[in-house]
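No hydrogens, no waters, no symmetry mates; every other heavy atom, side chains included, goes into these values.
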Amino acid sequence: MTDSNDSKSNFPLSGLANDGWSNEKEATATCYCGAVQLIFPLTAPGLQSSSVVCNCTDCHKITASMFSTLFSVLNSHLKHVRGQDKLKTFAQNKTIYSGKSMSNHFCGDCGTLMYRKSERFPDLSLLRAGTVDDFSLMDTVLKPQVEIWTSKRVGWLSGVD
């Protein structure tokens with residue numbers, strides 16, 4: 001991890017923003033165009049879970065991929081650095097297993113899904129690991145520990161160890 005005052009050269013070129021950072025306690029997540037940036041905790045109590053790989057059909061569609069990787073953070077510990085006014089929301093409950101509404105919060109400029117909120121767990125935000133600026137966190141603090149909806153996983157993809 002790098003300190004927020006260090007050079008950003010350790011971060012891969014990803015999207016248009018180049019001001020992401022991480023330290024021992026917090027890190028940033030930024031949308032593709034850079035309009036929306038969040039700070040999230042890397043430790044409890046704010047960080048509620050390490051990453052989870054989800055294979056549900058909603059995650060297939062909402063990510064335009066075969067799965068999503070997400071982690072949960074207490075809303076009280078999630079900080080909006082910029083772009084909160086740029087976030088658009090889409091909510092529905094028709095395909096949600098619990099029947100409770102799930103709200104998707106995405107950048108209104110570039111469309112990047114930043115996080116989801118469930119009516120079932122109102123105090124949590126489910127952040128998308130792909131928005132995290134420090135990719136090295138995917139091998140450490142945010143490494144997926146659990147995989148869900150494995151019955152919906154495509155056959156050619158091996159699961160989480």
Side-chain angles (χ1 to χ4, degrees), residues 1-92 101-118 121-148 157 160:
M1 288 184 272
T2 60
D3 185 66
S4 61
N5 296 323
D6 287 350
S7 165
K8 310 302 183 269
S9 62
N10 294 334
F11 286 48
L13 181 60
S14 174
L16 302 177
N18 63 357
D19 60 347
W21 55 267
S22 69
N23 59 39
E24 295 297 318
K25 295 181 181 181
E26 298 180 312
T28 57
T30 310
C31 69
Y32 188 76
C33 73
V36 178
Q37 188 174 66
L38 310 170
I39 296 174
F40 63 91
L42 295 173
T43 59
L47 180 64
Q48 291 288 292
S49 73
S50 61
S51 290
V52 172
V53 171
C54 182
N55 298 285
C56 78
T57 54
D58 275 9
C59 283
H60 286 212
K61 286 290 185 180
I62 201 131
T63 63
S65 184
M66 301 314 322
F67 62 90
S68 68
T69 309
L70 51 102
F71 58 97
S72 59
V73 171
L74 286 174
N75 294 334
S76 59
H77 289 70
L78 183 62
K79 303 172 192 170
H80 290 80
V81 175
R82 64 175 176 264
Q84 188 169 13
D85 60 325
K86 297 270 187 186
L87 288 173
K88 303 294 183 193
T89 303
F90 173 76
Q92 62 93 17
S101 181
M102 183 72 78
S103 300
N104 302 287
H105 300 261
F106 56 95
C107 176
D109 289 348
C110 68
T112 301
L113 176 60
M114 298 301 295
Y115 55 88
R116 299 180 91 189
K117 289 186 176 185
S118 170
F121 304 106
D123 296 331
L124 293 177
S125 289
L126 304 171
L127 276 68
R128 297 305 180 165
T131 65
V132 174
D133 295 311
D134 184 351
F135 287 12
S136 73
L137 293 172
M138 301 313 142
D139 284 325
T140 58
V141 178
L142 299 177
K143 182 178 179 181
Q145 302 296 314
V146 176
E147 185 175 8
I148 58 176
L157 183 65
V160 172

Considering all heavy atoms of both residues, which atom of Arg82 and which atom of Gly34 are nearest to each other, and what is their separation?
NE-O, 2.7 Å
Kindly write out the residues that satisfy side chain to side chain donor-acceptor pair (under 3.5 Å) with Lys86, not counting sequence neighbours, or none if the list is empty.
Asp109
Would you please say whether a donor-acceptor pair under 3.5 Å links the side chains of Ser50 and Gln145?
no
Quick one: side chain to side chain donor-acceptor pair (under 3.5 Å) partners of Ser103, sequence neighbours excluded?
none
Tabulate below the donor-acceptor pairs under 3.5 Å that side-chain atoms of residues 124-132 make, not counting sequence neighbours, or state none.
residue	atom	partner	partner atom	Å
Ser125	OG	Asn75	OD1	2.5
Arg128	NH1	Ser68	OG	2.8
Thr131	OG1	Arg128	O	2.7

Distance in Å, Thr69 OG1 paired with Met138 CE, rounded so as to fall on 0.5 Å steps
8.0 Å
Listed partners of His77 passing side chain to side chain donor-acceptor pair (under 3.5 Å), at least two apart:
none
Closest approach of Cys33 and Leu16, non-hydrogen atoms and distance?
O-CB, 3.7 Å
Test side chain to side chain donor-acceptor pair (under 3.5 Å) applied to Lys79 - qualifying residues, sequence neighbours left out:
Glu26
About how many Å separate CE of Met114 and CG of Leu38, when rounded to the nearest 0.5 Å?
4.0 Å
How close do Leu70 and Cys54 get, counting heavy atoms only, and between which atoms?
CD2-CB, 4.3 Å
Counting distance only, does the side-chain N/O of Ser51 pair as donor-acceptor with the main-chain N or O of Pro144 below 3.5 Å?
no
Which is it for Asp58 and Arg116 under the side chain to side chain contact (heavy atoms under 4.5 Å, CB included) test, yes or no, and what are the steps along the way?
CA-CA 12 Å; Asp58 275 9; Arg116 299 180 91 189; 4.1 Å; yes
So, for Ala17 and Thr30, which heavy atoms are closest and what is the spacing to 0.1 Å?
CB-CG2, 3.6 Å
Please report, to 0.1 Å, the donor-acceptor pairs under 3.5 Å made by any side chain of residues 40-49, with sequence neighbours excluded.
residue	atom	partner	partner atom	Å
Gln48	NE2	Pro45	O	2.5
Ser49	OG	Ser72	N	3.2
Ser49	OG	Ser72	OG	2.9

Donor-acceptor contact below 3.5 Å, side chain Asp134 vs main chain Trp21:
no
Write down the atom of Leu113, the atom of His105, and the distance for their closest heavy-atom approach.
CD1-O, 3.5 Å
When rounded to the nearest 0.5 angstrom, what distance separates OG1 in Thr140 from CG in Leu142?
6.5 Å
